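Working notes for the structure below.
None of these values were measured; they are calculated from a predicted model. In what follows, residues are counted from 1 in the order of the sequence shown.
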Amino acid sequence: MGTLMMGTGVVAFGVSTTLPDAAEWPIRQVVEPVASTLDAAPQTASEDDFLLHQSQTTRRDDSFQTLLKRLGVNDPEAQSFLARDATSRLMLMGTPGKLTDVTRTPKGRLRKLSVRWVDNDSQRVSRLVVEWQGSRFTSRLEQPTPRRRVLFGSLTLRSSFYADADQADIPDAIASQVVESFSGDLDFQRDLQRGARFSLVYEAFELDGEVLFTGRLLGAEVQNGKEAHQAMWFQEAGKAGEFFNLDGSSRRRAFLASPLAFSRVTSSYGPRIHPVLGGQKYHKGTDYGAPAGTPVRTVANGVVTFAGQQGGYGNYVVIRHPDTAATAYAHLERISVRVGQRVQQGQSVGTVGSTGTATGPNLHFEYLVKGVRTNPTRIVSTPSSSNLVAANLPSFQRQAKAMREQLGMAASVSLASAQ
C-alpha cells in the first residue's frame, strides 16, 4: 500500500496545477513576404476547354441544317461553310446512312465534323473531315485503308440456315458464300439435318475499331450427321480462285444441287394431283417455293436456247449444257437472259414469279437428258466438271494446313458456346 500510494503521489505530481494556463501564454504574430509563382491575372475558362462528341447517320431527306441540328450544332458560320464548300456536299450525296461524328462546344459551336462511307461496288472507304482552324473552317477528303482481319464464326442448325446464321451474327455475304461453297454437294433446304454444325473462317475489314464490310469466305466445314464437308478458297497468282477440298481436289461440280440458293421443295418429280387442273398427272420436274423476286440461277454453264412465254409455263428459259443435257426454268416473274447468250454456272437467269398456270410464286425446274425430262435429283450425282487438283502445290499445302488449324479453333468456339 505504501508503495502504491507513493506511485499515486508521483502521478498526482505530474498533473499539478502549478503550471501556467495555456490561455495566458504570450501570443506573437509573425508576418513574412512570400514570392508567388502563380500568375496573379484573373483566369477565364475557354469554351474549347470542354468539348462534346456526338454521332448520327445521314438520312435520305437530310439538309446541312437538319443534320447539324440533330448533332446539337448551332453554328451559322459552319452551316454557311458546308453549303458553299464543294467537298462538303459529298456528305449528303449518294446513299444515306453515312456515319457522322462531330466535336462541338457546349454552346453548339462546331470544332470538327467527320463523315465516313463505303462504296458498295469498289469497297473503297472515304472520309470527309471539316475542322475549325483558328479563324476559319477547312475541309479535306481522305481515303483511309481498312485493316484486314481474319474472323471465326460458328452456328448450329436449329431452324433454317439463314435464320441461324443471323442469330449467330454471321454476315449475310458470308452466309451466301457458305451456300455457294457447298452447293455442289448439299441442297440447304432438303439435305441439312437439325443439329448440323458449321465452322467458318472469313475475312473482314475494319477502320477505327469497327468492321465496315466482310470479304471472302476463306474456309468452312459442315458436320451434317455422319457426313463432314470442308471447303477452302484458293487462288493462284494470275488465275481465278475457287473452292477446293482440303485434299486439293476442286469442289466445282458440273451442276449445282439447286437453282435457288435457298428454298423449299413444294412438289417433287413423279405422280401427283395437279394443283390447278385437278386429277392425277405425272409431274416431270421439281417445284420450289420461294418469294416472288428471288433470284433464279443456272445450275451449270451453257447456252440459252429459249427465253420467253411458253403456255402454262409462263415466262420460260431453257439452257443447253455441254454434255447434251438441258435445264428449264418456268413461271419466272422476270427473264434476265436472251436466246444465244452464254451463261456461267450460278448466273441469274431471272426471278421467281407466278406467270402461266401457277397457284402462287414458285419455280418449276426441269432436267432434260437428250430431250427426255428426267428426275432433277440425278443432277447431284453428276460427275465433277473439273479435274483440277492443287494438292501438289507447296503454297496450297501450307494454306490447307493452316486452314485445318483455324477450322479447329472455330469448331472449339462453337462447342464452348453450346456448352
Side-chain angles (χ1 to χ4, degrees), residues 150 153 161 173-188 190-192 196-203 214-262 297-303 319-327 342-349 367 369 376-408 410-411:
V150 174
F161 175 73
I174 297 302
S176 296
Q177 292 181 62
V178 173
V179 175
E180 175 193 348
S181 67
F182 295 115
S183 59
D185 296 329
L186 296 170
D187 182 318
F188 270 59
R190 293 180 295 175
D191 299 336
L192 289 181
R197 295 196 305 273
F198 289 82
S199 303
L200 313 176
V201 181
Y202 60 95
E203 60 182 3
T214 56
R216 168 64 59 184
L217 173 69
L218 302 176
E221 180 178 36
V222 54
Q223 186 70 44
N224 186 38
K226 295 182 179 180
E227 295 183 351
H229 303 271
Q230 294 176 324
M232 183 185 80
W233 179 261
F234 181 72
Q235 184 171 6
E236 294 183 68
K239 296 183 179 180
E242 64 177 279
F243 286 105
F244 286 83
N245 292 306
L246 293 185
D247 63 4
S249 59
S250 173
R251 292 194 56 80
R252 190 189 307 164
R253 298 290 183 268
F255 290 84
L256 299 178
S258 170
L260 297 176
F262 190 75
R297 59 189 183 179
T298 174
V299 296
N301 298 344
V303 178
I319 298 175
R320 186 183 70 251
H321 305 293
D323 60 353
T324 71
T327 52
R342 292 189 175 275
V343 292
Q344 300 297 313
Q345 185 181 73
Q347 182 176 336
S348 175
V349 299
Y367 177 49
V369 178
T377 58
R378 289 183 52 187
I379 286 179
V380 180
S381 60
T382 304
S384 170
S385 63
S386 173
N387 295 319
L388 180 61
V389 177
N392 59 336
L393 297 175
S395 58
F396 179 88
Q397 293 173 336
R398 290 192 299 270
Q399 188 172 324
K401 180 181 178 181
M403 181 54 62
R404 286 188 178 92
E405 296 175 354
Q406 291 176 319
L407 288 173

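Looking only at side-chain heavy atoms (C-beta outward), Ser181 and Leu217 come within less than 4.5 Å of each other. Taking the side chain as every heavy atom from C-beta outward, Arg251 and Glu242 never approach each other to under 4.5 Å. Side-chain contact check for Thr327 versus Phe255: some heavy-atom pair is nearer than 4.5 Å. Counting heavy atoms from C-beta outward, Gln177 and Tyr202 have side chains that stay 4.5 Å or more apart.
In terms of heavy atoms, Thr298 sits closest to His321 at OG1-CE1, 4.0 Å. Nearest approach of Gly153 to Ala410, heavy atoms of both residues: O-CB, 4.0 Å. In terms of heavy atoms, Leu407 sits closest to Ser199 at CD2-O, 3.6 Å.
Between the CZ atom of Phe396 and the CG atom of Leu246 there is a distance of 6.5 Å, given to the nearest 0.5 Å. Considering CD of Glu203 and CZ of Arg216, their distance stands at 8.0 Å, rounded to 0.5 Å. To the nearest 0.5 angstrom, Phe244 atom CZ is 13.5 Å from Met403 atom CE. Atom-to-atom distance recorded for Ile174:CD1 and Glu180:CD is 11.0 Å, nearest 0.5 angstrom. For the atom pair CD1 of Ile319 and CZ of Arg342, the computed distance is 12.5 Å after rounding to the nearest 0.5 Å. Rounded to the nearest 0.5 Å, atoms CZ (Phe243) and CD (Gln230) are 13.5 Å apart.
Between the Arg197 side chain and the Glu221 main chain, no donor and acceptor come within less than 3.5 Å of each other. Looking only at distances, a side-chain donor or acceptor of Gln347 sits under 3.5 Å from a matching main-chain atom of Gln344. For the pair Asp247 (side chain) and Ser249 (backbone), a donor-acceptor distance under 3.5 Å is present.
The neighbour count for Gln235 CD, taken as heavy atoms of other residues, nucleotides or ligands under 6.0 Å away, is above 12.
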Inset, instruction - Take Phe198 and Leu192 through the test side chain to side chain contact (heavy atoms under 4.5 Å, CB included) and record every step on the way to the result. - result: CA-CA 11 Å; Phe198 289 82; Leu192 289 181; 3.9 Å; yes
Inset, instruction - Take Phe234 and Leu393 through the test side chain to side chain contact (heavy atoms under 4.5 Å, CB included) and record every step on the way to the result. - result: CA-CA 11 Å; Phe234 181 72; Leu393 297 175; 3.9 Å; yes
